[in-house]
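So you know, we letter chains A, B, ... as the sequences are listed, proteins then strands, and number each from 1. Only heavy atoms go into these numbers, but all of them, side chains included; no hydrogens, no water, no symmetry mates.
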2 protein chains.
Amino acid sequence: MTAKQNFYQISVTTDVVLLTIEDDKLKVLLIERAQKPFAKKCALPGGFLHKGETSEKAARRILKQKAGVSNVYLEQLYTFDKKGRDPRGPIMSVVYYALIPRREIMIEGAATIQTPTFHDVSRLPKLAFDHSKIVSYALKRVRYKMEYTNIAYSLLPAEFTLSQLLRTYEVVWGRKLDKRNFQKKILSLAMIRPTGRVLRGGRQRPARLFRFSSRSIRELERFF
Amino acid sequence: MTAKQNFYQISVTTDVVLLTIEDDKLKVLLIERAQKPFAKKCALPGGFLHKGETSEKAARRILKQKAGVSNVYLEQLYTFDKKGRDPRGPIMSVVYYALIPRREIMIEGAATIQTPTFHDVSRLPKLAFDHSKIVSYALKRVRYKMEYTNIAYSLLPAEFTLSQLLRTYEVVWGRKLDKRNFQKKILSLAMIRPTGRVLRGGRQRPARLFRFSSRSIRELERFF
DNA sequence: CCAAAAGTGTTGACTGTACACCCATGT
DNA sequence: ACATGGGTGTACAGTCAACACTTTTGG
């Protein structure tokens, strides 16, 4: 069944802000544009919706194509349709953001022409379209959401040490946190549980390994 | 300039969750549908985007048509496009929510067929389409946003008493607040300023009148 | 003088923050 | 033995929550 044709219809794209942590920096996936408009400028991965496809499905398709990922934390960010945002005409973009550990991303296998690359969010060039604004907005949302949910799970492997978790928060928020206070708070929230196992291999005391109590999004009592 | 036609295009609507306070209850504007689908069910005011119109423009147009309001707090809520949400086919809805004092709404003058009416959000019937879910989502957002911004200004007249402000929070959050703690907190945040004027007329001690320090949205240090 | 809402402080509990040293391991 | 990150507790300050009586007015 399709919509009646007696109403104005418009072109809709989906863009995805894929965030990950690499080298203790928060990074976003960008693709250098080959064609006009904004040729040679970096842009978010995205594309037009296919027939019968929802925006979320399209976002997942794009993530698969451009970053080779399929299991990912994905959330709708905002719909951008300000006049003039795309020089080709009125194009609405339903934007999603995604979080995933760096090691689960395989850009090599991606079926795309220009190779997508990760860029440190604190040193971004000017992006194509309104994508600079979109990235800022995504950062704001992620930072905020990490204050009252467990979404950090989506940036970490199943088992991790307290230091890794701490570093994740520090990298996303861009500030240092106190190790002792952090541990007290996180444990009191029951966001994570010790596995009883331990990580050896550094030339230091072995670190206890933890798991998230739930690996789907949960709202917690606000912390930090 | 228009978008190239070689991509699939879809029908886009805008729906608006207009919230206000009436009789110390939080209410939402609904319109009983005359036609199928969902004839006789209540639905949010909304409609298809016109050619060249942005979703926000459309939301403002609908508010003007259905509620006779033009100055209003308006914020994009979410874009709904889940498969099957509209039996007529794949229709995407960019939803906004709006806040305004009851006395600034003039439904009588509205150019519409079915008269829109306000419904207590705590006693809603089943709504058409996915509108029940949309209203819940809007309520969650508004309640949340009142915790860390000054958006309460959009539900109050320019000058108001502390009791009115307190009642606004109580109605939106659906719980009682302590008068003394409320006043201490609100004043310490510098969200509002006394005008020096006073409201007489009740058969009780006159109340001081206040104004919001800013009548556009501001993020405050979190409160309550 | 009575009814109604306005106005006003203190205390105890809890939470957040600052801070420094010893531990277990690999090399 | 030493370098590295892991692991742990206390004390002070600030914030939150609970609580009740007096004031001012209109009728």
Query raised in the report: Which of parallel (below 30°), tilted (30 to 60°) and perpendicular (above 60°) describes B:Tyr144 and A:Tyr148?
Result: tilted
Query raised in the report: How far apart are the C-alpha atoms of B:Tyr96 and B:Ser55, what are their side-chain angles, what is the distance that settles it, and do they pass the side chain to side chain donor-acceptor pair (under 3.5 Å) test?
Result: CA-CA 9 Å; B:Tyr96 286 76; B:Ser55 57; 2.8 Å; yes
Under 3.5 Å, which N/O atoms of the protein pair with N/O atoms of nucleotides 12-16 of chain C?
from   : atom 1 : to       : atom 2 : distance (Å)
C:dG16 : OP1    : A:Lys185 : NZ     : 3.0

Query - For atom CD of B:Gln183 and atom P of C:dA5, their distance in whole Å - result: 17 Å
Query raised in the report: Between B:Phe80 and B:Phe129, is the gap from one ring center to the other below 6.0 Å?
Result: no
Query raised in the report: To the nearest Å, how far apart are A:Phe210 CZ and D:dG6 C1'?
Result: 11 Å
Requested in this report: Would you mind reading off the distance between A:Leu166 atom CG and D:dG5 atom C1', rounded to a whole angstrom?
Outcome: 12 Å
Query raised in the report: Does A:Lys82 pair with A:Asp130 as a salt bridge, N-O distance under 4.0 Å?
Result: no
Report summary line: Heavy-atom contacts, protein to nucleotides 19-27 of chain C, under 4.0 Å, summarised as B (base), S (sugar-phosphate only) or - (none) per nt, yield BB--BBBS-
Report task. Would you mind checking if B:Glu147 and B:Arg143 are paired as a salt bridge, meaning a charged N to carboxylate O distance below 4.0 Å? Result -> no
**Report entry** Rounded distance in Å - CG (B:Leu177) to C1' (D:dC19)
**Finding:** 15 Å
Query - side-chain N/O A:Ser163 vs D:dG5 OP1/OP2, d < 4.0 Å - result: no
Query raised in the report: Hey, do the aromatic rings of A:Phe182 and A:Tyr169 have their centres closer than 6.0 Å?
Result: yes
Query raised in the report: Could you state the CZ-P distance from B:Arg167 to C:dA6, rounded to the nearest angstrom?
Result: 7 Å
Report summary line: With B:Phe118 as partner, the option from B:Leu30, B:Thr20, B:Leu26, B:Asp23 fulfilling side chain to side chain contact (heavy atoms under 4.5 Å, CB included) is B:Thr20
Report task. Could you tell me if the ring centre of A:Tyr78 sits under 6.0 Å from that of B:Tyr78? Result -> no
Report summary line: In whole angstroms, the gap separating P of D:dT15 from CD1 of B:Ile186 amounts to 16 Å
Query - Between P of D:dG9 and CG of A:Leu187, the distance in whole Å - result: 12 Å
Query raised in the report: So, the side chain of B:Ser132 versus the backbone of B:Ala128: is there a donor-acceptor pair under 3.5 Å, distance only?
Result: no
Report task. Nearest whole angstrom, please: distance from the C1' of D:dT24 to the CG of B:Leu199. Result -> 14 Å
